[in-house]
Protein chains: 2
Amino acid sequence: MSQIATLLVIDDEPQIRKFLRISLSSQGYKVVEAATGAEGLAQAALARPDLVVLDLGLPDMDGQQVLRELREWSAVPVLVLSVRASEVQKVEALDSGANDYVTKPFGIQEFLARVRALLRQAPQAAATDVAPSFGPLTVDLAFRKVTLDGVEVALTRKEYALLAQLATYPGRVITQQQLLKDIWGPTHVDDSHYLRIVVAHVRQKLGDDPTAPRFIITEPGVGYRLVAPE
Amino acid sequence: MSQIATLLVIDDEPQIRKFLRISLSSQGYKVVEAATGAEGLAQAALARPDLVVLDLGLPDMDGQQVLRELREWSAVPVLVLSVRASEVQKVEALDSGANDYVTKPFGIQEFLARVRALLRQAPQAAATDVAPSFGPLTVDLAFRKVTLDGVEVALTRKEYALLAQLATYPGRVITQQQLLKDIWGPTHVDDSHYLRIVVAHVRQKLGDDPTAPRFIITEPGVGYRLVAPE
DNA sequence: AAGGGTCTTTACGCATTCTTTATGCCCTGG
DNA sequence: CCAGGGCATAAAGAATGCGTAAAGACCCTT
């Protein structure tokens with residue numbers, strides 16, 4: 001929420017991209033660009049933007065098609081741009097999953113206001129993310145709540161930060177450097193010592209045994225990972 | 001979502017209301033109407049609509065004002081109608097919390113498509129209770145009233161703002177930065193001190209004990225949260 | 001102009017958390 | 001077999017954050 005929002009602009013016209021890039025950057029947004037529909041879809045998967053600005057008049061594929069393919073796996077808010085003002089097209093785009101529709105030419109102030117409006121309601125979509133569960137263990141990232149066998153587990157800041165980091169990518173190994181950078185900051189990437197202590201604390205609170213782990217698995221020399229959820 | 005959606009139309013012109021009522025009813029929506037801003041706010045609290053259609057040109061009060069008052073306690077999507085196409089007004093409305101802005105005259109198909117888009121992206125926004133209760137404690141966000149065991153509790157502005165913020169997302173942790181930004185403004189996000197004092201006051205008035213909390217739970221180093229409602 | 005209520009500022013005791021320091025274990029490779 | 005690096009755990013001292021109280025500043029009403 002307080003994080004800087006990332007926006008993806010999909011438009012084939014360089015001057016429009018430039019115009020939008022400058023306008024949006026000046027507002028503090030991070031801007032990612034794509035010139036074609038295919039590239040746009042790839043960037044949407046890669047950069048995980050908080051909002052997509054999509055021009056319907058793309059050279060390689062129909063804008064509607066981009067929208068439908070995007071909606072198959074993402075709920076990110078989409079603001080559609082188009083020169084054509086045909087009502088039928090607006091209806092089609094909105095029903096294909098667009099969240100707003102702006103006709104070119106448009107006022108930049110109105111455009112920015114609509115971006116703000118879409119971003120404002122977006123965190124609710126992100127907050128509905130499901131809480132991953134690992135057998136008796138659940139890590140609710142939205143509510144910042146960890147439960148074991150239905151009982152809430154009290155974790156300190158660092159302990160929760162560690163577990164949340166691991167739970168964000170279940171089953172995947174997170175390197176020590178990654179964990180140290182995210183929890184202690186980039187100045188402590190060499191203090192792998194800290195990490196072991198916090199891991200020990202979390203394990204203790206979860207009743208986990210390092211030699212026969214139920215939850216946190218040590219990858220020697222690399223990092224840690226959480227067992228994959230069911 | 002599969003439930004029939006209820007829409008609230010706030011407009012002083014009977015012919016527009018009739019036009020919208022017929023159009024929306026034919027789509028299967030339930031339609032509630034209000035002719036004035038005051039009536040609209042009352043209906044919003046009473047009927048708990050899933051979407052509000054608001055005309056800015058109301059006789060009794062400024063549309064912007066209606067919007068702001070509504071936003072104090074409700075996150076329901078709002079679609080604003082207006083004859084004026086001034087960009088400044090659009091920006092104002094969108095920044096006051098409107099989710100979309102349509103200029104009259106408009107095509108009914110586009111209007112209905114925008115209604116569908118808004119209902120689609122915010123299915124849970126309207127589901128939040130305006131008067132959640134936490135055992136003996138109730139926080140009525142619409143009437144700005146807090147009662148404990150049926151007795152009204154007198155809270156100061158900041159005290160109420162804090163409790164309202166917490167009650168908007170029951171059971172969820174609200175970070176100190178979030179609370180400070182919303183209550184004191186973005187310039188005081190570091191004065192976590194203020195927060196403790198107001199929390200202490202609210203707890204005192206609610207007869208709450210920090211070490212064995214009935215209502216407000218401290219998440220050390222992070223923020224506060226209200227116990228989940230029953 | 002006085003008064004009450006609200007907000008801000010300042011101060012301090014206390015608990016928890018974080019950091020530091022120390023020690024023993026296990027596995028691996030020479 | 002032994003040496004060494006990485007891992008786990010324990011227990012201190014240091015630092016930070018929380019809760020409470022109280023006094024002064026501010027604001028609004030009367």
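Labels below follow one simple rule: chain letters A, B, ... track the order of the sequence lines, proteins then strands, and each chain is numbered from 1. In what follows, every heavy atom counts, from backbone to side chain, and hydrogens, waters and symmetry copies are set aside.
With A:Y169 as the aromatic partner, A:R172 meets the cation-pi criteria of under 6.0 angstrom to the ring centre and within 45 degrees of the ring axis.
Taking the nucleotide of DNA chain D with the nearest heavy atom to each of A:Y224 and B:R203, the more 5' of the two is matched to A:Y224. Between B:D191 and B:P220, it is B:D191 whose nearest contact on DNA chain C lies nearer the 5' terminus. Nearest-nucleotide positions on DNA chain C for B:L155 and B:H193 put B:L155 closer to the 5' end. Along DNA chain D, the nucleotide closest to B:V199 and the one closest to A:V199 are compared, and the more 5′ of them pairs with A:V199.
Using a 4.0 Å heavy-atom distance criterion, A:T218 is classed as a sugar-phosphate-only contact. Across all strands, A:S192 comes closer than 4.0 Å to no nucleic acid atom at all (heavy-atom distances). Using a 4.0 Å heavy-atom cutoff across all strands shown, A:Q176 reaches sugar-phosphate atoms only and no base atom.
Rounded to an integer number of Å, the gap from A:H188 NE2 to C:dC18 C1' is 11 Å. A straight line from NZ of B:K158 to C1' of C:dG5 spans 14 Å, rounded to a whole angstrom. C:dT20 atom P lies 10 Å from atom CD1 of A:I197, rounded to whole Å. Across the protein-nucleic acid pair, A:R196 atom CZ and D:dA10 atom C1' stand 15 Å apart, rounded to whole Å. At whole-Å resolution of the value, CD in A:E219 and C1' in D:dA8 are 17 Å apart. A straight line from CZ of B:R157 to P of C:dT8 spans 10 Å, rounded to a whole angstrom. The interatomic distance linking A:Q204 (CD) with D:dT9 (C1') rounds to 9 Å, in whole Å. What separates CD1 of B:I183 from C1' of C:dC7 is a distance of 13 Å, to the nearest Å.
B:S96 and B:Q64 are linked by a side-chain donor-acceptor pair at a separation below 3.5 angstrom, with hydrogens and angles left out of the test. Side-chain contact of A:R225 with A:T175: a donor-acceptor pair under 3.5 Å is absent, judged by distance alone.
Taking 4.0 angstrom as the limit, B:T156 places a side-chain polar atom (N or O) nearer than this to OP1 or OP2 of C:dC7. Note on A:W184: every side-chain N or O is 4.0 Å or more away from OP1 and OP2 of C:dC18.
Ring centroid separation for the pair B:F215 and B:F134 does not come in under the 6.0 Å cut-off.
Tested against A:V32 for a side-chain contact (heavy atoms from CB on, under 4.5 Å), the candidates A:R48, A:R21, A:Q43 yield a single pass: A:Q43.
With hydrogens and angles ignored, no donor-acceptor pair closer than 3.5 Å exists between the side chain of B:H201 and the base of C:dT6.
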